[in-house]
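Given the structure is predicted, the values throughout are model-derived calculations rather than measurements. In what follows, chains carry the letters A, B, and so on, assigned in the order in which the sequence lines appear, proteins first and then strands, with residues in each chain numbered from 1. When reading the values below, keep in mind they use all heavy atoms of this one structure, side chains included, and skip hydrogens, waters and symmetry mates.
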Amino acid sequence: MIDLRLVRENPDLVRASQRRRGADESLVDALLAADVARREVVKRADDLRGEQKSASQAVKKASPDERPAVLDRARALAAEVKEAEEAQRAADATLREVHVRIPNVVADEVPPGGEDDAVTLRTVGEVPAYDFAVRDHIEIGERLGAIDMERGAKVSGSRFYFLTGPGALLEFALAQLAISRAVAAGFTPVIAPALVKPSAMEGTGFLGEHDEEVYRIERDDLYLVGTSEVALAGMHQNEVLDLSGGPRRYAGWSSCFRREAGSYGKDTRGIIRVHWFDKVEMFSFARPEDTAAEHLRLLAWEEEFLQALELPYRVVDIAAGDLGTSATRKYDIEAWFPTQGTYRELTSTSDCTTFQARRLNIRYRDDDGKARTAATLNGTLCAIARTIACLLEVHQRADGSVHVPVALRPWLGGVEALTPGMTLAAPVPPATA
RNA sequence: GGAGGCUUCGCCUAGUCCGGUCUAUGGCGCCGCACUGCUAAUGCGGUUUGGGUUAAUCCCCAUCCCGGGUUCAAAUCCCGGAGCCUCCGCCA
């Protein structure tokens with residue numbers, strides 16, 4: 001939810017933001033009208049309640065003679081209050097309905113345009129040249145005994161997979177590398193629930209436009225999260241945080257579930273787009289004035305992680321029309337996929353300012369000791385399945401083996417490469433001095 | 001799945017049986033002031049959150065886990081729900 005005060009004081013700013021997103025500008029006026037209407041009925045209801053309150057005090061003090069008349073008046077007022085409260089409820093609901101439909105206000109620096117208008121900020125790493133016919137990650141994964149799509153489909157349907165042998169170890173290696181780097185950077189590691197209540201899902205904005213993307217457990221009124229962002233944001237719902245020492249950072253590991261309802265025919269091969277994968281997600285609670293800097297920090301950690309994996313990538317600044325509902329700004333990192341001859345999204349980081357925290361009622365104490373709405377940011381550290389796909393493709397060799405980045409070796413028994421037919425020794429972490 | 005207990009303004013707590021000066025008690029913590037060479041101690045005052053109104057203060061309304069209901073009037077009575085705890089059953 002955006003700040004109502006901002007809409008009252010500077011509606012043009014919000015209108016402009018709507019325009020840049022290609023969203024409905026008239027919502028702003030609908031919101032203003034609903035706000036005025038609500039304040040009117042609130043005032044009427046408050047006043048009536050006040051009158052009724054004194055009338056009901058008078059009942060007690062009234063002499064036996066006066067009593068019937070006083071009681072009549074109190075009864076009449078009670079009826080009016082009831083009616084006014086109903087009007088208030090209706091006005092509140094109308095306001096909220098419009099309010100939640102307006103996405104976060106777009107940051108000034110965001111590039112104009114839509115999906116195809118992202119601006120590449122930088123390209124890092126050499127796109128490798130191969131002197132042999134490159135194989136895609138499925139072919140490589142099958143030869144290594146790392147990925148089994150067929151049996152995934154047999155057990156769970158399309159867009160499901162098994163990670164086996166080196167594939168399974170690779171999953172743990174990536175998770176370990178991601179978490180240990182995050183912990184070293186000061187993040188609190190978290191294993192987050194993958195099933196959440198509707199309030200957490202709503203609060204993070206996933207039930208609006210993403211409703212179709214979300215798995216719902218009807219019977220128990222729970223949702224499967226599409227990202228641990230949902231649980232991490234919900235973790236501090238209705239709390240006042242101490243942010244005096246700087247942002248509070250979590251690195252959450254969880255499984256993620258996505259229906260992929262609108263993506264028939266897209267990425268049907270392999271584990272690039274699947275219904276379930278595991279992910280390590282960074283999440284920050286920050287003071288509103290610190291979010292732009294924090295956003296760049298999250299981006300930097302994402303870049304360092306990909307560099308550790310020796311993957312070539314580019315950083316793109318997402319255009320206004322392609323921003324998520326909660327984001328004021330978003331950077332994606334796209335890594336090189338040789339078989340596709342292009343860069344594909346591997347991570348994404350969004351600055352949500354106070355948009356999520358307002359709905360989730362997450363606050364902090366400012367220097368005056370006043371509780372104010374906090375800001376939230378999120379960023380992918382490692383979306384494991386897709387990262388495995390990228391690693392296998394980029395680091396493949398002519399003989400079907402795959403180079404293992406140095407940073408991952410400690411968790412893969414120290415091997416330099418994954419080779420078809422090899423048996424990996426149990427990974428042993430290096431002794432720490 | 002079954003039985004019972006609990007939930008009050010940061011924390012602890014009085015109040016709930018028997019509805020109305022509850023405009024919620026006291027302690028701790030915190031903030032301010034006074035006293036003091038400094039600290040401590042002590043004294044006095046302040047200290048839920050949200051909404052409305054205002055230039056600002058004042059003031060008004062709501063808020064005793066949540067949602068309904070009864071009543072002129074609900075922390076208090078009734079119904080439904082959530083969370084926590086204990087015991088039983090089942091279980092990785």
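Atom pair A:Glu239:CD and B:G10:P shows a separation of 13 Å (rounding to whole Å applied). Atom CD in A:Glu40 sits roughly 13 Å away from atom C1' in B:G52 (whole-Å rounding). When rounded to the nearest whole Å, the span between CG of A:Asp242 and C1' of B:G10 equals 13 Å. Going from atom CZ of A:Arg5 over to atom C1' of B:U53 covers 14 Å, rounded to whole Å. Atom pair A:Asp47:CG and B:G52:C1' shows a separation of 9 Å (rounding to whole Å applied). Look at CD on A:Glu85: it is 9 Å from C1' on B:A62, rounded to the nearest Å. Counting to the nearest Å, the C1' atom of B:G50 and the CG atom of A:Asp46 are 12 Å from each other. Atom-to-atom, CG of A:Leu48 to P of B:C61 comes out at 12 Å; the value is rounded to the nearest Å.
Taking a cutoff of 4.0 Å between a charged side-chain nitrogen and a carboxylate oxygen, A:Arg15 and A:Asp12 qualify as a salt bridge. Contact check on A:Asp148 versus A:Arg151 returns a salt bridge, with a Lys/Arg side-chain nitrogen under 4.0 Å from an Asp/Glu carboxylate oxygen. With respect to the salt-bridge test (charged N to carboxylate O, under 4.0 angstrom), the residues A:Arg135 and A:Glu393 do not qualify.
Base pairing analysis places B:G32 opposite B:C44; the two distances defining the Watson-Crick or G-U wobble pair are each below 3.5 Å. For B:A82, the paired nucleotide is B:U7, the pair qualifying as Watson-Crick or G-U wobble because both relevant distances are below 3.5 Å. Base pairing of B:A73 is not made with any nucleotide, judged by Watson-Crick or G-U wobble geometry with both donor-acceptor distances under 3.5 Å. When both pairing distances are held under 3.5 Å, B:G50 makes a Watson-Crick or G-U pair with B:C61. Pairing of B:U23, defined by two Watson-Crick or G-U wobble distances under 3.5 Å, is not identified with any nucleotide. In this structure, B:C91 forms no base pair with any nucleotide, since neither Watson-Crick nor G-U wobble geometry is met with both distances under 3.5 Å.
Spacing of C1' atoms, B:U47 relative to B:G26, comes out at 15 Å, to the nearest Å. B:C22 and B:G32 are spaced 28 Å apart, taking the C1' atom of each and rounding to whole Å. The C1' atoms of B:C77 and B:C17 are separated by 11 Å, rounded to the nearest whole Å. One C1' atom belongs to B:A73, the other to B:C12, and the distance between them is 31 Å to the nearest Å. Comparing B:G15 with B:A56, their P atoms are spaced 43 Å from each other, to the whole Å. When the C1' atom is compared between B:U63 and B:G52, the two are found 15 Å apart, to the nearest whole Å. Nucleotides B:U13 and B:C28 are separated by 16 Å at their P atoms, to the nearest Å. The same atom, P, is picked in B:U71 and in B:U8; the two are 30 Å apart, to the nearest Å.
Tested against A:Thr353, the residues A:Asn104, A:Thr373, A:Thr328 include a single side chain to side chain donor-acceptor pair (under 3.5 Å) partner, A:Asn104. For the side chain to side chain contact (heavy atoms under 4.5 Å, CB included) with A:Arg386, the lone residue among A:Ile271, A:Thr347, A:Ile272 that qualifies is A:Ile272.
With hydrogens and angles left out, the side-chain atoms of A:Lys279 and A:Ser254 include no donor and acceptor closer than 3.5 Å.
Remark: A:Lys53 is not in phosphate contact with B:U23, judged by side-chain N or O atoms under 4.0 Å from OP1 or OP2. Regarding contacts with the backbone of B:U53, a side-chain N or O of A:Arg39 is found under 4.0 angstrom from either OP1 or OP2. Checking the phosphate oxygens (OP1, OP2) of B:G52, no side-chain nitrogen or oxygen of A:Arg49 falls inside 4.0 Å. For the pair A:Arg89 and B:G67, the criterion of a side-chain N or O lying under 4.0 Å from OP1 or OP2 is not met. Side-chain N/O atoms of A:Gln52 include one lying less than 4.0 angstrom from OP1 or OP2 on B:A73.
Nucleic acid contact class of A:Arg8 (heavy atoms, under 4.0 Å, all strands): sugar-phosphate only. Across all strands, A:Arg44 comes closer than 4.0 Å to no nucleic acid atom at all (heavy-atom distances).
Nearest to the side chain of A:Val42, among B:G50, B:G20, B:G52, sits B:G52. The side chain of A:Ala78 lies closest to B:A73, out of B:U70, B:G52, B:A73. Distance from the side chain of A:Arg363 is smallest for B:G50 among the nucleotides B:G20, B:G52, B:G50. The side chain of A:Arg38 sits closest to B:G51 out of B:A73, B:G51, B:U70.
Within the 4.5 Å cutoff, side-chain heavy atoms of A:Leu311 are placed close to those of A:Cys390.
The aromatic rings of A:Tyr250 and A:His236 sit tilted, their planes meeting at an angle between 30° and 60°.
RNA chain B is contacted by both A:Ala55 and A:Lys197; A:Ala55 maps to the nucleotide lying nearer its 5′ end (nearest heavy atom per residue).
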